[in-house]
Amino acid sequence: MPDGFIVFVPNASKGTRGPGGGAKIINGSYATPRDKGVVGGHYLVRIRGTDGVPVVNDLGEEASGTILFSEYEAEVEFPSEDATQDFEVPTKEPSKPGR
């Protein structure tokens with residue numbers, strides 16, 4: 001995905017107390033700073049992706065592009081040590097109202 005955002009929400013019901021975090025996605029990649037990344041534990045991950053072509057809505061507000069898919073969610077258990085985590089996000093177009 002050309003542009004997007006990933007959010008990490010600690011899953012307190014599974015004993016993870018935080019911190020949470022997030023990162024911008026650029027050309028399909030993201031990185032969290034070593035001192036501001038997630039700690040080991042269970043997280044709910046939410047991913048939003050756009051085509052990266054800025055658009056202006058009816059209210060004159062600029063968005064980072066056209067949405068490529070409905071918000072993707074996954075539950076992930078991260079290790080305590082530094083790690084890399086990739087996500088396979090479905091590339092289906094979001095449903096349009098009335099379809």
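These figures come from a predicted structure and were not determined experimentally.
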Inset, instruction - Supply the members, apart from V7, of the Ile/Leu/Val/Met/Phe/Trp/Tyr cluster built from side-chain contacts under 4.5 Å; use none for a lone residue. - result: F5, V9, L44
Inset, instruction - With rounding to the nearest 0.5 Å, note down the distance linking CD1 in I25 to CG in D3. - result: 8.5 Å
Legend entry - Results of ring-ring contact (aromatic ring centres under 6.0 Å, His included) for F78 - residues two or more places apart only: F8, Y43
Inset, instruction - Any chance you could measure R46, atom CZ, to I6, atom CD1, to the nearest 0.5 Å? - result: 12.0 Å
Inset, instruction - Identify, with sequence neighbours excluded, every residue that meets side-chain hydrogen bond (donor to acceptor under 3.5 Å, both in side chains) alongside S13. - result: N11
Legend entry - For D86, all residues meeting salt bridge (charged side-chain N to carboxylate O under 4.0 Å, His left out), sequence neighbours excluded: none
With a 3.5 Å cut-off and sequence neighbours excluded, list the donor-acceptor pairs that the side chains of residues 14-23 form with protein atoms.
from	atom 1	to	atom 2	distance (Å)
K14	NZ	E75	OE1	3.3
T16	OG1	H42	N	2.7
T16	OG1	H42	O	3.2

Legend entry - Linked hydrophobic residues, V55 as query - side chain contacts closer than 4.5 Å: none
Legend entry - Exercise: identify the closest heavy-atom pair between F69 and R48: CZ-C, 4.0 Å
Legend entry - Any side-chain heavy-atom pair of V39 and P10 under 4.5 Å: no
Inset, instruction - Give the other cluster members for L59, using side-chain heavy-atom distances under 4.5 Å between Ile, Leu, Val, Met, Phe, Trp and Tyr residues; answer none if it is isolated. - result: none
Inset, instruction - Taking all heavy atoms of Q85 and all of V76, pick out the closest pair and write down the distance. - result: OE1-CG1, 3.9 Å
Legend entry - Partners passing salt bridge (charged side-chain N to carboxylate O under 4.0 Å, His left out) against E77 (at least two apart in sequence or in another chain): none
Legend entry - By side-chain hydrogen bond (donor to acceptor under 3.5 Å, both in side chains) - contacts of N27 (at least two apart): none
Inset, instruction - Kindly write out the residues that satisfy side-chain hydrogen bond (donor to acceptor under 3.5 Å, both in side chains) with E61, not counting sequence neighbours, or none if the list is empty. - result: N57
Inset, instruction - Would you mind listing the cluster partners of I26? Hydrophobic ones only (ILVMFWY), side-chain contacts under 4.5 Å, chaining allowed. - result: none
Legend entry - D58: partners by side-chain hydrogen bond (donor to acceptor under 3.5 Å, both in side chains), with sequence neighbours left out: none
Inset, instruction - In sequence, state the C-alpha distance, the side-chain angles, and the governing distance for T66 and V53, and then conclude on side-chain contact (heavy atoms from CB on, under 4.5 Å). - result: CA-CA 7 Å; T66 301; V53 178; over 6 Å; no
